[in-house]
Amino acid sequence: MKKLLTATAATALLAGAAHAENIKIGVILGFTGPIESLTPHMAAGAELAMAEVNASGGLLDGSTVESVRADSTCIDAGAATAAAERLITSDGVKGIMGADCSGVTGAILNNVALANGVVMISPSATSPGLSHNDNEDNGLFFRTAPSDARQGVVMTEVLMEEGIKEVAVTYTNNDYGKGLADSFVAAFEAAGGSVTISAAHEDGKADYSAEVGALASAGGDRLVVAGYVDQGGAGIVRAALDTGAFDTFHFPDGMIGSALQENFGDEIEGSTGQHPGTDSPGAAKYNEIASGGDFDPTSPFSPESYDAAALMMLAMQAAGSSDPAAYKEKVMMVANAPGEQIFPGELAKGLEILAAGGDIDYVGASAVELIGPGESAGNYRQIVIEGGEITTAKYR
C-alpha cells in the first residue's frame, strides 16, 4: 500500500511538472524618452510582483514567470509597435504590462495586441481616448491608473481650493497632453474658472521662450503644465522661471517625479499637482515589501505597475491558463468584490484561494477597483512643493 501511495504521489508530481511552464510577460515602458526617470521604478514594481509569485511556487502547477523588457520610447508609435511585435512573435509573451504613455499604448493595442489576442494592462496610460468598449478592444485592454477625464476634475478641485480661478495651460502635443488639457479645460470652466490660453508645445526643443511668451501674454494666476518631467514640460518651466513669466505651477502626473525637485527645487516653491496614488493600507504594505530595494515604491505609477502585473498573474490562476483568450475573462473578477481582499505581499494567498476555487478581491497597492470595461475608478495623491521637495498635501 505504501509503495502504491508513493507511486501515485510521484505520478501526480510529474503531472504537475508537465503542466508547469515558463510564462513570459512583456514589460514595455519608455526606458528612453520623456519619462525615463519614472520607468525604472515602474518596471521594478511589476517585477517585484513577478518575483513574489515565483517565490510562492503557486501559479499554475508550479509555473514560473519571466519579465521581458522592451522600450516603448513613450512617444514613437512606430518604435513601440515594433518592440511589441518582437515581444509577441520572438519572445512569446502571454501578456503585456504596459505600455506607459497613451499614444504608444493605443498604437500597440490597435496594431499588435488586438491582432494577436494579447492582454495589455497599462499602469499609466491615462488618455480618455483609451476608454474602449468591449467590442473595440475585444476585452483585452485594462488599466490600473484612472482616465484623465477624472484627473481633469481633480485638478479643478485642487486649484479651486487653492483660490486659483484663472490659469494658462500648456500641454505636450500628443494624445496624453491633448486629452488631459481638454478634460481639464472643460472641468475648470464648468466650475467657474477661466482659462486664458490652452496651447500645445512640442517635446525635444532647446528653447521654449516663444511658447512661454505667448503664455505670459495671456496671463493667469498659475501655469498648468501638462507635459513630461524629462522633456518639454521641464523646458517650459525653466523658460518661465528664467523670464519671470510664472513662478508657481500646477503639475499633472507626467510632470511629477524625482527629476522635478532635482531640477527646480525651491524655485517652484508653492506649486501644486496630483498623480494617481492612495494612502490605503495596500500602499503602506507595498512600501514595506519594497523597502531595501533599489527603486522608489512611492514614485508615480510604481504601485500601479505592481498591481498591473499582479492582476495578470491572478487572472491566469483564476482561468487555470496562461492563454490570454482565457484569462482576459477573469481580470475584472479578481480585481473586484466579492472575495477575500488581497494586498501586496499576499499574492501567494491569492493564488492559493483561486486554486481552491475561491474568490478574491484584489486591492493591491493602489486600491484597485475596475469599472467596466477595464477602467480604474481612481485615487489621487495631491502634492505641494515645500522646502524644494515634493510633499503630500492630501489624498483624493
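Quick note: numbers below take in every heavy atom, side chains included, and nothing from hydrogens, waters or symmetry partners.
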(Q) Test your reading of the model: is there a side-chain donor-acceptor pair from T196 to the backbone of G219, 3.5 Å cut-off? (A) yes
* Under 3.5 Å, is there a donor-acceptor pair between the side chain of S271 and the main chain of I268? -> yes
(request) Would you kindly say whether D175 and S127 are connected by a side-chain donor-acceptor distance under 3.5 Å? (result) no
Ignoring hydrogens and angles, write down the donor-acceptor pairs under 3.5 Å from the side chains of residues 313-324, residues two or more places apart or on other chains.
unit_1, atom_1, unit_2, atom_2, d
Q317, OE1, L60, N, 2.9
Q317, NE2, G58, O, 2.9
Q317, NE2, L351, O, 3.0
S321, OG, D323, N, 2.9
S322, OG, E21, OE1, 3.3
S322, OG, E21, OE2, 2.9
D323, OD1, A325, N, 3.0

Donor-acceptor contacts, no H, no angles, side chain residues 107-116, under 3.5 Å, sequence neighbours left out:
unit_1, atom_1, unit_2, atom_2, d
N110, ND2, G106, O, 3.0
N111, ND2, A107, O, 3.1
N116, ND2, V112, O, 2.9

Here the side chain to side chain donor-acceptor pair (under 3.5 Å) pairs for residues 330-339, sequence neighbours left out, are none
Heavy-atom closest pair (A145 atom, F301 atom, distance to 0.1 Å) is CB-CE2, 4.0 Å
Same hydrophobic cluster for M332 and I342, using side-chain heavy-atom links shorter than 4.5 Å among ILVMFWY? yes
* Using a distance-only test with no angle check, is there a side-chain donor-acceptor pair under 3.5 angstrom linking E375 and S131? -> yes
In the structure I gave you, are the side-chain heavy atoms of M42 and S299 within less than 4.5 Å of one another anywhere? no
Taken to the nearest 0.5 Å, the spacing of F249 CZ from R222 CZ works out to 10.0 Å
Query raised in the report: Are V185 and Y171 close enough that some pair of their side-chain heavy atoms sits under 4.5 Å apart?
Result: no
Please check if the side chain of D230 supplies one atom and the backbone of S37 the other of a donor-acceptor pair under 3.5 Å.
yes
- prompt: Does any donor atom in the side chain of D100 or S124 lie under 3.5 Å from an acceptor atom in the other side chain?
  reply: no
- Query: Counting only N and O atoms by type, is there a donor-acceptor contact under 3.5 Å from the side chain of T81 to the main-chain atoms of G78?
  - Reply: no
Output for pair (E211 CD, I197 CD1), nearest 0.5 Å, gives 10.5 Å
- Query: Judged by atom type as modelled, is there a donor-acceptor pair below 3.5 Å linking the side chain of S102 to the main-chain atoms of A125?
  - Reply: no
Next on the checklist: So for atom CD, which belongs to E352, do other residues, nucleotides or ligands contribute more than 12 heavy atoms lying within a distance under 6.0 Å?
Outcome noted: no
So CD of Q382 and OG1 of T391: to nearest 0.5 Å the spacing works out to 10.0 Å
Inset, instruction - For residues N379 and Y395, determine if any side-chain heavy atom of one lies less than 4.5 Å from a side-chain heavy atom of the other. - result: no
Minimum side-chain heavy-atom gap I75-T172 below 4.5 Å
no
Check: Side chains of D307 and S366: is there a donor and an acceptor less than 3.5 Å apart?
Finding: yes
(Q) Quick one: does any side-chain atom of E340 pair with a main-chain N or O of D359 as donor and acceptor, under 3.5 Å? (A) no
Looking only at heavy atoms, the pair that brings G273 and I256 closest together is C-CD1, 4.1 Å
Exercise. For D148 and Q151, indicate whether the former's side chain and the latter's backbone hold a donor-acceptor pair under 3.5 Å.
Key: no
The complete set of salt bridge (Lys or Arg N to Asp or Glu O under 4.0 Å) pairs with one or both residues in residues 249-266, sequence neighbours excluded, reads none
Residues 191-228 vs ring pair (Phe, Tyr, Trp, His ring centres under 6.0 Å), sequence neighbours excluded, gives Y176-Y228
Next on the checklist: Is any side-chain heavy atom of D279 closer than 4.5 Å to one of T392?
Outcome noted: no
query: Would you say N138's side chain and L140's backbone share a donor-acceptor pair under 3.5 angstrom?
result: no
Does the pair L311 and F142 meet the rule for a side chain to side chain contact (heavy atoms under 4.5 Å, CB included), with working shown? CA-CA 10 Å; L311 280 177; F142 306 85; over 6 Å; no
### Residues, nucleotides or ligands: over 12 heavy atoms within 6.0 Å of D294 CG
no
* Compare all side-chain heavy atoms of R150 with those of Y380 and state whether any distance is below 4.5 angstrom. => yes
Practice problem: Measure from the side-chain N and O atoms of H41 to the backbone N and O of S302, and report whether any donor-acceptor pair falls under 3.5 Å. | Solution: no
For F343 and V363, the nearest pair of non-hydrogen atoms, with its separation, is CE2-CG1, 3.6 Å
Here the salt bridge (Lys or Arg N to Asp or Glu O under 4.0 Å) pairs for residues 232-250, sequence neighbours left out, are R238-D242, R238-E267
* Might you work through the side chain to side chain contact (heavy atoms under 4.5 Å, CB included) test for V331 and Y362, ending with a clear yes or no? => CA-CA 10 Å; V331 176; Y362 181 74; over 6 Å; no
Residue pairs passing the salt bridge (Lys or Arg N to Asp or Glu O under 4.0 Å) test with at least one member in residues 80-97, sequence neighbours excluded, are none
Salt bridge (Lys or Arg N to Asp or Glu O under 4.0 Å) filter on K24, not counting sequence neighbours, yields none
- Query: How about D71 and T73: does a side-chain donor come under 3.5 Å of a side-chain acceptor?
  - Reply: no
CD (E189) and OG (S194) are apart, to the nearest 0.5 Å, by 7.0 Å
Residues passing the salt bridge (Lys or Arg N to Asp or Glu O under 4.0 Å) test with E346, sequence neighbours excluded, are K285, K349
Would you call L159 and V224 a side-chain contact if the rule is heavy atoms closer than 4.5 Å?
-> yes
Q274 and R396: CA distance, side-chain angles, deciding distance, side chain to side chain contact (heavy atoms under 4.5 Å, CB included) verdict: CA-CA 9 Å; Q274 75 287 313; R396 294 175 177 268; over 6 Å; no
Exercise. Does any N or O in the side chain of Q261 come within less than 3.5 Å of the main-chain N or O of I390, such that one atom is a donor and the other an acceptor?
Worked result: yes
Of all heavy-atom pairs linking A149 and S183, the shortest is CA-OG, 3.7 Å
field: Close side-chain approach of V237 and F251, heavy atoms under 4.5 Å
entry: yes
So disulfide bond (SG atoms under 2.5 Å apart) across residues 62-91, not counting sequence neighbours, yields C74-C101
To the nearest 0.5 Å, atom CZ of F295 lies from atom CG of L48 at 5.0 Å
Output for pair (H250 NE2, T272 OG1), nearest 0.5 Å, gives 4.5 Å
Salt bridge (Lys or Arg N to Asp or Glu O under 4.0 Å) pairs touching residues 36-55, sequence neighbours excluded, are E47-R69
Sequence neighbours excluded, the answer for salt bridge (Lys or Arg N to Asp or Glu O under 4.0 Å) partners of E66 is none
- [ ] Start with the C-alpha distance between V119 and I96, add both sets of side-chain angles, then the distance that settles side chain to side chain contact (heavy atoms under 4.5 Å, CB included), and finish with yes or no.
- [x] CA-CA 6 Å; V119 169; I96 292 175; over 6 Å; no
